[in-house]
Amino acid sequence: MPEKDLIEELRWRGLIHQVTDEPGLKKLLDSQPQTIYIGFDPTATSLHVGSMMQLMLLRRFQQAGHRPIALVGGATGMIGDPTGKSEERNLLSGEQLQANIAGVEAQMRQFLSFEGDNAALLLNNFDWMKGYSYLEFLRDVGKNFPVGTMMGKESVRARLGSDAGLSYTEFSYMLLQAYDFVHLCREHGCLIQAGGSDQWGNVTAGIDLARRMLGKQVFGMTAPLLTTSDGRKMGKTESGAVWLDRQRTSPYAFYQYWFNVSDDDVMKCIAYLTEIEREEYDALAEMTASDPGRNTAQKRLAEWMTQFVHGEDGLNSALKASKTLFGGEIEAMDDAMLNEIFADVPSQEMAREALSGEGLWVVEAFQQAGLAKSGGEARRAIKDGGAYINNQRVTDMNRHLVESDLASETVMVLRKGRKNYALLRFSR
RNA sequence: GGGGGUUUGCCCGAGUGGUUAAAGGGGGCGGACUGUAAAUCCGCUGGCUACGCCUACAUUGGUUCGAAUCCAAUAGCCCCCA
């Protein structure tokens, strides 16, 4: 029996957007451990922070004693969910899909426990769809889908009204996802599907299908989408999505993303994405209101998230990098430390000889490092006091850099302005 | 097919023969302030080892001591007549 009231917990975190039958669902969850599933689209080899919310949702169910199923859409991914998409999607190639599924699966393992009584399951709907013949599918599943109802779904209507139109393939997407629910219900006793609020149409389609095909009542719930206070989707930066894969988004960049969440959004993120408890949450909310300048909540959010996704060492390197990049002196460093701290920073190789003799002229160095497009731009930066070598302001236009200006064995750290870093590497 | 207009730096937009590398605004980049925020204020914003030189106002050629500014041709855009 679950020790804490899960629905209550989800409620205060704001994770419940819509539920098909809340009293019924509550009774079900209280009676005995249940199985719940959420589907994930394998559109890339890594998950991004948008999917993290769903994974945390599954995790919360698991911690309350239920069994989570993370369903990777190997089959549905071949079709493409038209929900919220303004245009027909390009189909992913088979190999691409395989690679994506492998990458995504690996990441899911750190969110869910695959051991114990309520071990999570990782399934791929391709496994049961691949052998299904078209004729059989139409007879079993298609027969139970009134076109009138399908036409009423928001995802379909939106596209039919637009110039982009909707192909038969994407129109059929709903059937596939609905059938997943029936399959999981039959094979794994799964009675609950969750998802983002944009999935409401697909979720309810599955519930209808289960009633028609199995004569069973199953349940659906959706979580709100992770959006900023001005309505945009979270997890996007100018340079693209924020990924969970450290190859795509370094721990430092990941940490910074959360650190920079606005005051308006920070508490929501903590509630949705972390396991920070009510008591601490309230304290942080209070701090944000009374002393926003300290960024207490942002700091806590960034720490929690980075530690959870990238582990202790990931967090440490993110913290060290942040400390160094925002003001710290750079001296007595070694190459390894610098490479770690400046993992995201562009670098240029230069010949070691440039530092010998007269040395390398700073103006030239800033150009070489890519921080200035021309000598004039570099000169201006220096004149304005916006040029730094190893985080120390350059004041002399005619300064020449020599070996003693290296921050470590082979690296020199250049900076223009507050945040623009570049490295020059002088390998031997 | 005939007539008229327009073309300026990253963008918008002044400038109609002589301190014009070209007003003003936007954007961008720095600096100060701040909370790694927002707002605000200040500076910079063609190139060059640089108080000078070079290249620039659609393109090419011309007039002139001197042109973004005048002329001609070409191209793009816009409008009117047929």
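Throughout, protein chains are lettered first and strands after them, A, B, ... in sequence-line order, and every chain is numbered starting at 1.
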(request) Among B/G31, B/U36, B/G35, find the nucleotide with the atom closest to the side chain of A/Pro292. (result) B/G35

(message) For A/Ala387 and A/Gly375, find the nucleotide of RNA chain B closest to each by heavy atoms; which residue's nucleotide sits nearer the 5' end?
(response) A/Ala387

(message) Using side-chain heavy atoms (C-beta onward) and a distance below 4.5 Å, is A/Leu28 in contact with A/Gln34?
(response) yes

(message) What contact category does A/Tyr257 fall into here, base, sugar-phosphate, or nothing, at under 4.0 angstrom with non-hydrogen atoms?
(response) nothing

(message) My understanding is that a pair needs two contacts under 3.5 Å, Watson-Crick or G-U wobble. By that rule, which nucleotide pairs with B/A14?
(response) none

(request) Taking atom C1' in both B/G25 and B/G15, compute the distance separating them and give it to the nearest angstrom. (result) 15 Å

(message) Whole angstroms only, please: what is the CG-P distance between A/Asp384 and B/G31?
(response) 8 Å

(message) Can you measure A/Gln256 atom CD to B/U36 atom P for me and round it to whole angstrom units?
(response) 11 Å

(message) Work out how far the P atom of B/U59 is from that of B/G3, and round it to whole angstrom.
(response) 26 Å

(message) Heavy atoms from C-beta onward define the side chain here; which of B/U49, B/C48, B/U36 lies closest to that of A/Tyr255?
(response) B/U36

(request) Can you figure out which of B/G35, B/C29, B/G47 approaches the side chain of A/Arg380 most closely? (result) B/G47

(request) Specify the separation, in whole Å, of atom NZ of A/Lys419 and atom C1' of B/G28. (result) 16 Å

(request) Kindly say if A/Arg393 contacts the phosphate of B/A32, meaning a side-chain N or O under 4.0 Å from OP1 or OP2. (result) yes

(message) Checking contacts here: which listed nucleotide (B/G35, B/C44, B/U49) is nearest the side-chain heavy atoms of A/Asn398?
(response) B/U49

(request) Please measure how far the P atom in B/A38 lies from the corresponding atom in B/C44, and state the result in whole Å. (result) 24 Å

(message) Counting the atoms with a prime plus P, OP1 and OP2 as sugar-phosphate, which does A/Gly386 contact under 4.0 Å by heavy atoms, base, sugar-phosphate, or nothing?
(response) sugar-phosphate

(message) Could you tell me how far B/U55 sits from B/G46 if I compare only their C1' atoms? Round to whole Å.
(response) 8 Å

(request) Would you mind telling me which of B/C48, B/U49, B/C44 lies closest to the side-chain atoms of A/Ser374? (result) B/C48

(message) If you only use heavy atoms from C-beta on, which nucleotide in B/U49, B/G30, B/G35 is closest to the side chain of A/His400?
(response) B/U49

(message) Using a 6.0 Å cut-off, check whether atom CZ of A/Arg352 has over 12 heavy atoms from anything other than its own residue.
(response) yes

(message) Regarding A/Gly385, tell me which of base, sugar-phosphate or nothing describes its non-hydrogen contacts under 4.0 Å with the strands shown.
(response) sugar-phosphate

(message) Looking at A/Asp263 and B/G35, is any side-chain donor or acceptor paired with a base atom of the opposite kind under 3.5 Å?
(response) yes

(message) Tell me if the CG atom of A/Asp396 is crowded by more than 12 foreign heavy atoms within 6.0 Å.
(response) yes

(message) Between B/U45 and B/A23, how many Å separate the two C1' atoms, rounded to a whole number?
(response) 15 Å

(message) Expressed as a whole number of angstroms, how long is the span from A/Arg379:CZ to B/G52:C1'?
(response) 12 Å

(message) Checking base pairs now: Watson-Crick or wobble, both atom distances under 3.5 Å. What partners B/C44?
(response) B/G28

(message) Closest approach to the side chain of A/Gln298, judged atom by atom: which nucleotide of B/G43, B/G35, B/G31 is it?
(response) B/G35

(request) Round to a whole Å and report the spacing from CZ of A/Phe366 to C1' of B/C48. (result) 19 Å

(message) Let's test this: given Watson-Crick or G-U wobble pairing with both distances under 3.5 Å, identify the partner of B/C77.
(response) B/G5

(request) Could you work out the separation of B/A58 and B/G9 based on their C1' atoms and round it to a whole Å? (result) 13 Å

(message) I'd like to know if the side chain of A/Ser408 pairs up with that of A/Asp334 as donor and acceptor (distance under 3.5 Å, no hydrogens or angles considered).
(response) no

(message) Can you see whether A/Tyr421 engages A/Asn391 through a side-chain donor-acceptor pair at a distance of less than 3.5 angstrom?
(response) yes

(request) Could you tell me the separation between the CG atom of A/Leu414 and the C1' atom of B/G30, rounded to a whole number of Å? (result) 16 Å

(request) Report the distance from atom CE of A/Met397 to atom C1' of B/A50, rounded to the nearest whole Å. (result) 10 Å

(message) What's the separation between atom OH in A/Tyr173 and atom OG in A/Ser155, rounded to the nearest 0.5 Å?
(response) 10.0 Å

(request) For A/Asn420, report the nucleic acid contact type (base, sugar-phosphate, nothing); a contact means any heavy atom under 4.0 Å. (result) sugar-phosphate

(request) Would you check if there is a donor-acceptor pair between the side chains of A/Asp81 and A/Gln199 at a distance under 3.5 Å? (result) yes

(request) Could you work out the separation of B/C29 and B/C80 based on their C1' atoms and round it to a whole Å? (result) 46 Å

(message) Is the positively charged end of A/Arg246 above the ring of A/Phe254, judged by distance under 6.0 angstrom from the centroid and angle within 45° of the axis?
(response) no

(message) Heavy-atom nearest nucleotide on RNA chain B for A/Phe259 versus A/Lys383: which residue maps closer to 5'?
(response) A/Phe259

(message) Suppose you measure atom C1' in B/G13 against the same atom in B/U6; what distance do you get, rounded to whole Å?
(response) 14 Å

(request) Rounded off to whole Å, could you give me the CD1-to-P distance for the A/Ile382 and B/G31 pair? (result) 13 Å

